[in-house]
Amino acid sequence: MSNFQIKGLANYKSTYQKSVDDPKAFWDAVAAENFVWQKKWDKTLSWDFEKPEVKWFEGAKLNITENCIDRHLETRGDKTAILFEPNDPNEKALHISYNELSDRVNRFANVLKSNGIAKGDRVCIYLPMIPELAVAVLACARIGAIHSVVFAGFSSTALATRINDSDCKMVITSDGSFRGDKTIDLKSIVDDALLDCPVVATVLVAKRIGSNIQMKDGRDKWLQPELDAASPICPPEVMDAEDPLFILYTSGSTGMPKGMVHTTAGYMVYTAYTFSNVFQYQEEDVYWCTADIGWITGHSYIVYGPLANGATTVMFEGTPSYPDCGRFWQIVEKHKVNQFYTAPTAIRALAKESLSNVSGHDLSSLKVLGTVGEPINEEAWHWYDEYIGKQNCPIVDTWWQTETGGILISPIPNATKTKPTYATLPLPGIQPALFDENGVELNGNNQEGRLCIKHPWPSMARTIWGNHNRYRETYFSAFPGTYFTGDGALRDEDGLYRITGRVDDVIIVSGHNLGTAPIEDAINEHLFVAESAIVGYPHEIKGSALYGYVTLKDTVGDMSEEELKTEINALIAKLIGPIAKLDKIQFTNGLPKTRSGKIMRRILRKIACGEMDNLGDISTLLNPEVVESIKESALV
Ligand code: 7RM
């Protein structure tokens with residue numbers, strides 16, 4: 001892979017420059033030299049951000065599973081492709097080799113076919129983090145069916161909405177799932193959802209927990225007997241570069257979830273390229289991303305990116321706190337994990353616990369640490385650096401979105417420097433720009449504005465399933481001619497980017513623009529604070545005032561709530577300025593979060609504004625129960 005991995009700052013700079021000067025030539029070379037194609041493309045790129053329309057590698061023919069599986073069999077057939085670590089530490093880990101993965105994917109692909117699934121059909125996958133999930137994803141890709149993975153923590157209502165939006169003909173699920181010391185009855189959630197899904201003809205059921213479930217005649221089938229009867233050979237479907245590979249739903253600020261559509265060739269090229277560079281994966285390494293495959297992070301950096309590189313990718317079924325808060329570190333030690341990729345919310349949760357959870361484990365295999373999903377605060381960044389990385393592992397703070405398909409802004413270990421709370425520099429091919437509210441581009445360094453991307457990259461989503469208008473309006477209308485991310489960012493004196501959060505999280509207090517993230521950072525610096533969230537509420541004089549929700553650690557010494565409030569405000573005044581002091585502070589047992597760990601400020605904002613009865617759908621939250629207790633003691 002000659003031009004694949006960047007080493008050294010000079011190489012980063014020259015590679016980046018080339019990618020901006022001549023994006024087509026740059027991606028042409030990356031795509032030509034590092035993948036197998038059934039036919040090469042006629043045209044590298046055509047694009048129009050007004051329509052908007054983007055096409056990469058038009059005319060090419062390929063199948064992504066040939067790149068993720070078949071091409072590795074000769075040299076890496078016995079190498080572990082997927083290393084499955086079960087929920088229960090006493091259950092044996094499973095090393096699935098590339099040969100075995102090939103066998104499983106081909107059989108599964110044949111099962112899809114024999115159950116009436118053909119190229120272009122949509123298949124909903126609602127599975128826990130077990131090998132069947134990755135295999136089902138790849139089996140769809142093998143035959144050109146469009147997978148729509150729905151995170152197996154979503155409710156039956158949320159599942160039905162997603163199944164119907166894209167008219168899925170089949171659902172793949174399991175009898176249930178293990179999560180910590182609980183089991184979840186997935187099949188009955190599917191049964192409930194399907195009361196409202198007329199198009200679904202078949203449900204394939206993987207056996208995981210061995211519970212006694214209802215099987216509906218003519219619709220439901222156990223997966224294993226089907227796999228056993230299927231042939232282990234299924235020729236890969238010939239796909240066009242721009243054929244859809246998958247749909248993945250992401251929640252908008254309002255209304256229906258958006259079914260982001262990703263296509264085949266560009267997504268493959270970009271996820272493989274960025275995986276290789278951001279994690280600096282080497283042939284013998286073991287790579288672990290703790291995300292769920294139900295999110296884009298799992299699609300791109302558990303399944304497709306790593307497998308396209310012939311990597312060993314860990315799939316963990318369980319949770320960071322079972323059987324205790326040392327589980328992540330125990331797994332790192334057990335499998336000698338080299339690259340570890342997780343979310344700030346997990347880091348903060350574990351940092352809150354006793355250090356003895358970490359210190360008992362040998363973490364010396366680690367080379368690169370990653371974070372994704374939300375801005376990481378200073379305190380969490382330093383804890384990760386010091387206690388997990390032993391100040392010897394670069395932290396790649398990777399900024400990207402479901403819509404972007406792959407990482408756009410991130411440090412590259414051994415090439416570019418890290419800076420706490422900064423995603424730092426754009427990866428090759430990415431042209432970020434900052435704009436002010438009036439649509440004027442902010443040139444030069446030391447600027448803060450709305451983050452846009454000026455030129456297409458191969459893995460950008462091409463549309464919203466069934467609603468191209470919404471795609472245009474959401475991403476291409478605020479700043480015509482560019483892709484608008486919805487995030488704010490600042491560019492420091494050296495040109496490094498720090499993502500400040502969603503732009504709708506900006507609060508204007510007495511004419512001062514305040515980002516929620518820096519205030520939360522300041523609060524989180526307090527020794528006794530575990531986590532916090534800031535929202536604005538209307539104020540007669542200031543326009544908006546600040547309401548802080550603060551979760552404390554288990555130990556707060558002998559301080560009273562009043563003393564704590566005073567100290568928190570003193571800290572904010574010191575770190576940001578008196579203007580950012582909170583008008584109200586409510587101590588909470590937890591903060592409402594999405595299943596992927598993002599704080600739901602929308603709900604907190606409504607509570608702070610006294611709009612308790614109008615919180616919208618909270619059923620898809622990770623912890624809907626905290627909303628009740630926050631409402632009860634709200635300061636309104
Ligand atoms: C990969 C993923 C996307 C939103 C995005 C940001 C936020 C993600 C970072 C981040 C600060 C980061 N996809 N975000 N990564 N903010 N630093 N490194 O999370 O579609 O689920 O979310 O997440 O606001 O727009 S996502």
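Values reported hereafter were calculated over all heavy atoms of this structure, with side chains retained and with hydrogens, waters and symmetry mates removed. Note that ligands are numbered from 1 as they come in the structure, with each ligand's atoms numbered from 1 the same way.
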Is the shortest side-chain N to carboxylate O distance from Glu85 to Arg327 below 4.0 Å? yes
Decide if atom NZ of Lys51 counts as having more than 12 heavy atoms of other residues, nucleotides or ligands within a radius under 6.0 Å. no
Once salt bridge (charged side-chain N to carboxylate O under 4.0 Å, His left out) is applied, do any residues pair with Lys419, and if so which ones, sequence neighbours excluded? Asp492
Partners of Glu317 by salt bridge (charged side-chain N to carboxylate O under 4.0 Å, His left out), sequence neighbours excluded? Arg208
Enumerate the pairs of nitrogen or oxygen atoms, one from ligand 1 and one from the protein, separated by less than 3.5 angstrom; state names and distance to 0.1 Å.
unit_1: ligand 1; atom_1: 13 (N); unit_2: Thr402; atom_2: N; d: 3.4
unit_1: ligand 1; atom_1: 14 (N); unit_2: Gly373; atom_2: O; d: 3.4
unit_1: ligand 1; atom_1: 15 (N); unit_2: Gly373; atom_2: N; d: 3.1
unit_1: ligand 1; atom_1: 16 (N); unit_2: Pro375; atom_2: N; d: 3.4
unit_1: ligand 1; atom_1: 17 (N); unit_2: Glu374; atom_2: O; d: 3.4
unit_1: ligand 1; atom_1: 18 (N); unit_2: Asp397; atom_2: OD1; d: 2.7
unit_1: ligand 1; atom_1: 18 (N); unit_2: Thr398; atom_2: O; d: 2.8
unit_1: ligand 1; atom_1: 19 (O); unit_2: Lys598; atom_2: NZ; d: 3.2
unit_1: ligand 1; atom_1: 20 (O); unit_2: Thr402; atom_2: N; d: 2.9
unit_1: ligand 1; atom_1: 20 (O); unit_2: Thr402; atom_2: OG1; d: 2.6
unit_1: ligand 1; atom_1: 21 (O); unit_2: Lys598; atom_2: NZ; d: 3.4
unit_1: ligand 1; atom_1: 22 (O); unit_2: Lys598; atom_2: NZ; d: 3.2
unit_1: ligand 1; atom_1: 23 (O); unit_2: Gly373; atom_2: O; d: 3.2
unit_1: ligand 1; atom_1: 23 (O); unit_2: Lys598; atom_2: NZ; d: 3.4
unit_1: ligand 1; atom_1: 24 (O); unit_2: Asp487; atom_2: OD1; d: 2.7
unit_1: ligand 1; atom_1: 24 (O); unit_2: Asp487; atom_2: OD2; d: 3.3
unit_1: ligand 1; atom_1: 25 (O); unit_2: Gln401; atom_2: NE2; d: 2.9
unit_1: ligand 1; atom_1: 25 (O); unit_2: Asp487; atom_2: OD1; d: 3.3
unit_1: ligand 1; atom_1: 25 (O); unit_2: Asp487; atom_2: OD2; d: 2.6
unit_1: ligand 1; atom_1: 25 (O); unit_2: Arg502; atom_2: NH1; d: 2.9

Got a sec, which residues hit salt bridge (charged side-chain N to carboxylate O under 4.0 Å, His left out) with Glu525, two or more places apart in sequence or on another chain? none
Does the plane of the ring in His262 sit parallel, tilted or perpendicular to the ring in Phe246? Use 30° and 60° as the thresholds. tilted
